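Since we're looking at a predicted model, the values are computed, not measured. Reckoned from all heavy atoms, side chains included, excluding hydrogens, waters and symmetry mates. Sequence lines set the chain letters: A, B, ... in the order given, protein chains first and strands last, and positions in each chain run from 1.
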Amino acid sequence: MNRTEIIKKIPGLNLKTVADSGQCFRMTENDPGVFILFSGAHALRIFQKGNLFRFECSEKEFAGVWQDYFDLHTDYRKIVRTVDPADAWLSDAVKQADGLRVLKQDFFETLITFIISQQNNIPRIKRCVGLLCERYGKRKRRSGIGEYSAFPEVEVLAAADEKDLLSCNLGYRARYVKEASAQIEKGEADLRALQKMSDAEAKAELLQLTGVGTKVADCVMLFALHRIDSFPVDTHIRQMLAEHYPDGFPFERYEGFSGILQQFLFYSEIHKEKKPV
DNA sequence: TGACAGGTACATG
DNA sequence: CATGTACCTGTC
């Protein structure tokens with residue numbers, strides 16, 4: 001169980017901002033600057049001090065999993081520079097959410113967690129997802145982290161008893177979780193197939209799944225398929241757009257990556273109280 | 001107490 | 001296609 005440690009200097013990554021961004025539900029700061037996160041069956045402990053990161057994993061795992069997960073190939077500073085300086089609202093959001101990235105998360109986990117997210121708040125979503133993993137996920141162990149539960153397999157959730165699922169406090173979403181899992185198991189919205197589709201085709205495919213509407217589909221598109229032109233509109237974003245972009249958000253200016261700006265805007269919305277108006 | 005939380009399914013005009 | 005309502009659960 002010898003794990004190498006990877007030391008990297010990464011400008012433009014702030015793990016705390018990522019952890020508090022609401023796009024992932026299994027990433028926590030255990031001690032100051034020390035983060036533990038899970039994605040699918042993977043687990044990782046990372047240390048951050050300024051621009052310096054220590055990933056507790058092998059070179060192979062870093063290259064095979066986490067480099068993509070954190071989207072380290074994309075230069076976010078370049079995206080930030082495209083922001084219209086005259087757009088004070090967006091400029092401020094981008095400044096406030098400095099170090100935020102759009103993760104490339106596990107497809108099935110993203111689908112299920114965002115089905116759970118509907119009409120729900122972040123602390124409760126995290127609790128539900130945690131319960132789901134404990135109840136249905138494989139037990140695993142990793143040095144530095146200890147025992148943990150992987151995200152449940154498709155077949156397990158598809159076969160789960162709906163009453164059992166309810167014990168994870170899913171409420172009416174339990175049925176959605178089970179049915180969507182069963183659909184995935186049958187080969188609907190197959191990941192490999194989705195990856196070959198256009199944005200519109202992939203989204204249409206996702207919308208076939210029970211419990212998946214426009215908003216959840218856009219989240220899966222953005223956070224799992226990395227279709228960064230997907231711009232999920234939830235109640236926060238809707239209100240923000242109405243208030244600050246009464247004539248419409250300038251999607252044309254940010255075509256091809258507007259979803260990344262959505263994340264900055266969303267972050268600034270859910271951390272509003274700390275933000276000067 | 002009732003509205004609301006990162007919506008969606010389902011039923012109507 | 002636009003609008004309306006019920007829905008688990010927890011919190012303020």
*On DNA chain B, check which nucleotide each of C219(A) and L209(A) is closest to and give me the residue with the more 5' one.*
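Residue closer to the 5' terminus by nearest nucleotide: C219(A).
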*Map F25(A) and T210(A) onto DNA chain B by nearest heavy atom, then report which one ends up closer to the 5' terminus.*
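By nearest-heavy-atom nucleotide position, the 5'-most residue is F25(A).
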*Indicate, yes or no, whether a donor-acceptor pair under 3.5 Å links the base of dG7(B) to the side chain of Y172(A).*
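Yes.
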*Does R175(A) get its side chain close enough to the base of dC8(C), under 3.5 Å, for a donor-acceptor pair?*
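There is none.
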*Where does the angle between the aromatic ring planes of F70(A) and W66(A) fall among parallel (under 30°), tilted (30 to 60°) and perpendicular (over 60°)?*
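Tilted: the ring planes of F70(A) and W66(A) meet at 30° to 60°.
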_Please determine whether a side-chain nitrogen of the Lys or Arg among E61(A) and R142(A) lies less than 4.0 Å from a carboxylate oxygen of the Asp or Glu._
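Answer for the salt bridge query: yes.
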*asked:* Do the side chains of D199(A) and R227(A) get close enough for a salt bridge, i.e. N-O under 4.0 angstrom?
replied: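 Result for this pair is yes, salt bridge flagged.
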_Using the side-chain heavy atoms of R127(A), tell me which of these nucleotides is nearest: dC8(C), dA5(B), dT11(C)._
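Closest nucleotide to the R127(A) side chain: dT11(C).
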_Base, sugar-phosphate or nothing for I115(A)? Non-hydrogen atoms, less than 4.0 Å._
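Nothing, no nucleic acid heavy atom in range.
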*Check every strand shown and say whether Y267(A) touches a base, only sugar-phosphate, or nothing at a heavy-atom separation below 4.0 Å.*
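No contact.
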_Looking at dC8(C), which nucleotide sits across from it as a Watson-Crick or G-U wobble partner, both distances under 3.5 angstrom, or is there none?_
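No nucleotide pairs with dC8(C).
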*Roughly how far apart, to the nearest Å, are dA3(B) and dT5(C) at atom P?*
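Comparing P positions in dA3(B) and dT5(C) gives a spacing of 13 Å.
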*Under 4.0 Å between a side-chain N or O of Q118(A) and OP1 or OP2 of dG7(B)?*
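For Q118(A), the contact criterion (side-chain N or O under 4.0 Å from OP1 or OP2 of dG7(B)) is not met.
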*For atom CD of E147(A), decide whether the heavy atoms of other residues, nucleotides or ligands shown that lie under 6.0 angstrom number more than 12.*
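Atom CD in E147(A) is packed in, count exceeds 12.
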